[in-house]
2 protein chains.
Amino acid sequence: MHDSHETRARLLDSAEKLFDRYGFTATGMDRLTTAAGLSSRTLYKHVGSKNRLMAAVLDARDRRFMRSLRVASVDGLFDALARWFESEEARGCLFLRSWGETGGEVPEVAEAMTRHKQRLAERIDEIVEAEIGRRDEALAEEVLILFEGATHAAAYRGETAIPAARRAARRLIEGRRASG
Amino acid sequence: MHDSHETRARLLDSAEKLFDRYGFTATGMDRLTTAAGLSSRTLYKHVGSKNRLMAAVLDARDRRFMRSLRVASVDGLFDALARWFESEEARGCLFLRSWGETGGEVPEVAEAMTRHKQRLAERIDEIVEAEIGRRDEALAEEVLILFEGATHAAAYRGETAIPAARRAARRLIEGRRASG
DNA sequence: ACGAGTGTAAAACGATCACTTTACATTCGC
DNA sequence: GCGAATGTAAAGTGATCGTTTTACACTCGT
């Protein structure tokens with residue numbers, strides 16, 4: 001048989017590009033099968049439904065994104081985001097977009113979004129702790145908001161949004177480190 | 001004749017709720033006509049097409065949103081956002097969502113998004129100037145990113161995101177006010 | 001009372017939607 | 001070399017998409 005794992009990877013990869021570029025609902029199954037080089041029969045054997053395909057795409061994207069965020073400082077965090085947008089176009093967070101497009105009513109998608117945002121928040125908690133030597137949930141939430149804001153502002157302002165967010169985050173961190 | 005202006009307002013109002021709740025593509029014309037209490041013939045006489053309806057909805061929302069942002073301080077800015085989310089559910093920015101759903105390929109929608117974000121940036125420029133007594137584009141961009149971040153983080157973290165963003169913005173402002 | 005304007009309800013348009021099925025080719029272990 | 005598995009291509013499923021059309025009713029100024 002053909003390598004099932006490789007086929008699935010190719011499917012998730014091409015589907016992610018299409019969903020990101022054209023949106024979830026506007027991307028039809030024929031475009032997905034063509035891009036993956038699969039018959040619709042095989043595609044359905046692999047993922048079961050369009051909703052489950054979207055959820056699988058989001059889970060794979062979460063792993064890839066989180067892998068790129070293995071950094072130990074807020075500068076590293078925003079540098080990682082800048083690097084992400086060197087290979088991906090900035091169109092806002094795909095998790096939030098998919099969740100919004102489906103009205104929050106597709107459980108697989110809603111759960112993938114929640115899981116991803118939970119992991120992101122935890123990662124930022126750790127980075128903030130590494131920076132100032134103790135946990136600071138309030139500061140971590142502020143950095144998370146800058147991260148979320150940079151992700152979305154980059155979609156319409158270009159990548160100057162990312163150094164601006166990085167600058168602001170650094171200032172907030174320095175303020176807590178000194179007077180903490 | 002029936003009041004054409006009132007009919008149009010009712011149409012835009014119900015359409016905005018549906019687009020926001022279920023997404024643009026997933027909301028069909030039958031749902032829109034039913035919610036507006038109009039025949040499809042009349043709806044098409046008023047707005048011409050679904051794309052133009054979305055653009056009209058966005059323009060009306062821009063006016064309403066900008067009217068709610070007539071404030072003179074960053075505290076006022078984030079308080080206004082909190083007030084906005086008392087009557088609207090937080091699902092991220094409808095302009096960015098619509099733009100993303102249509103792949104940036106519907107000119108009316110893309111232009112409405114660009115116009116809105118331009119106005120928002122100008123308003124925040126003015127607010128920052130009122131706070132510190134001079135223009136500061138870098139600081140204004142940081143506040144904009146916090147605003148964008150709060151808008152989207154509120155969708156999955158609840159409204160604690162807004163006071164957190166307000167707190168961070170205040171800290172950034174105070175830093176520039178003191179040290180010039 | 002009449003034509004123009006404005007409204008409705010409902011059928012019809014071809015296209016496309018997610019998904020299934022049919023029919024057939026290939027590769028595999030044994 | 002045979003049966004099971006896995007693949008393809010392509011037609012077909014009924015539903016729904018955005019949009020237009022047909023047919024008909026009401027209200028206006030004149």
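The shown structure was predicted, so the numbers you read here are calculated from the model rather than taken from an experiment. Only heavy atoms go into these numbers, but all of them, side chains included; no hydrogens, no water, no symmetry mates. Sequence lines set the chain letters: A, B, ... in the order given, protein chains first and strands last, and positions in each chain run from 1.
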Original post:
In whole angstrom, what separates B/Asp30's CG from D/dG18's P?
Top reply: 8 Å
Subject >> Parallel, tilted or perpendicular, as decided by the 30° and 60° cut-offs, for the rings of A/Phe65 and A/Trp84 >> reply: perpendicular
Under 3.5 Å, N/O pairs linking protein and nucleotides 8-15 of chain D:
{"unit_1": "D/dT8", "atom_1": "OP2", "unit_2": "A/Ser39", "atom_2": "OG", "d": "2.9"}
{"unit_1": "D/dT8", "atom_1": "OP2", "unit_2": "A/Thr42", "atom_2": "OG1", "d": "2.0"}

Original post:
Are B/Glu89 and B/Lys17 within salt-bridge range, i.e. N to O under 4.0 Å?
Top reply: no
Original post:
Can you list the stems that DNA chain D is part of, where a stem is at least 3 pairs in a row, each Watson-Crick or G-U, with both distances below 3.5 Å?
Top reply: C:4-12 with D:19-27, C:14-17 with D:14-17, C:19-27 with D:4-12
Original post:
What is the distance, rounded to the nearest whole Å, between atom CG of A/Leu32 and atom P of C/dT16?
Top reply: 16 Å
Original post:
Is it true that B/Arg170 and B/Glu131 make a salt bridge, defined as a side-chain N closer than 4.0 Å to a carboxylate O?
Top reply: yes
Original post:
Can you tell which of D/dG18, C/dC17, D/dC17 lies closest to the side chain of B/Lys50?
Top reply: D/dG18
Subject >> Residue of the set A/Phe95, A/Phe19, A/Trp99 for which ring-ring contact (aromatic ring centres under 6.0 Å, His included) holds with A/Phe24 >> reply: A/Phe19
**OP:** Rounded to the nearest angstrom, tell me the gap between atom CE in B/Met29 and atom P in C/dT16.
**Re:** 18 Å
**OP:** Using whole Å, report how far CE of A/Met54 lies from P of C/dC19.
**Re:** 14 Å
Original post:
Could you give the CZ-to-C1' distance, from A/Arg8 to D/dG7, as a whole number of Å?
Top reply: 18 Å
**OP:** Of all the heavy-atom pairs spanning B/Lys117 and B/Cys93, show the shortest one and how long it is.
**Re:** NZ-SG, 3.2 Å
Original post:
Does a side-chain N-to-carboxylate-O contact under 4.0 Å join B/Asp79 and B/Arg83?
Top reply: no
**OP:** Measure the distance from CZ on B/Arg52 to C1' on D/dT19 and round it to the nearest whole Å.
**Re:** 13 Å
Original post:
Taking atom P of C/dA18 as reference, at what distance in whole Å does atom CG of A/Leu18 sit?
Top reply: 12 Å
Original post:
Can a salt bridge be assigned to the pair A/Glu16 and A/Arg64 using a cut-off of 4.0 Å between side-chain N and carboxylate O?
Top reply: yes
Original post:
With a 4.0 Å cut-off on heavy atoms, is B/Thr33 in touch with a base, just the backbone sugar-phosphate, or nothing at all?
Top reply: nothing
Subject >> Electrostatic pair B/Arg177-B/Glu174, nearest N-O below 4.0 angstrom >> reply: yes
Original post:
In whole Å, what is the span from the OH atom of B/Tyr44 to the C1' atom of C/dA9?
Top reply: 16 Å
Original post:
So does A/Asp62 pair up with A/Arg115, basic N to acidic O under 4.0 Å?
Top reply: no
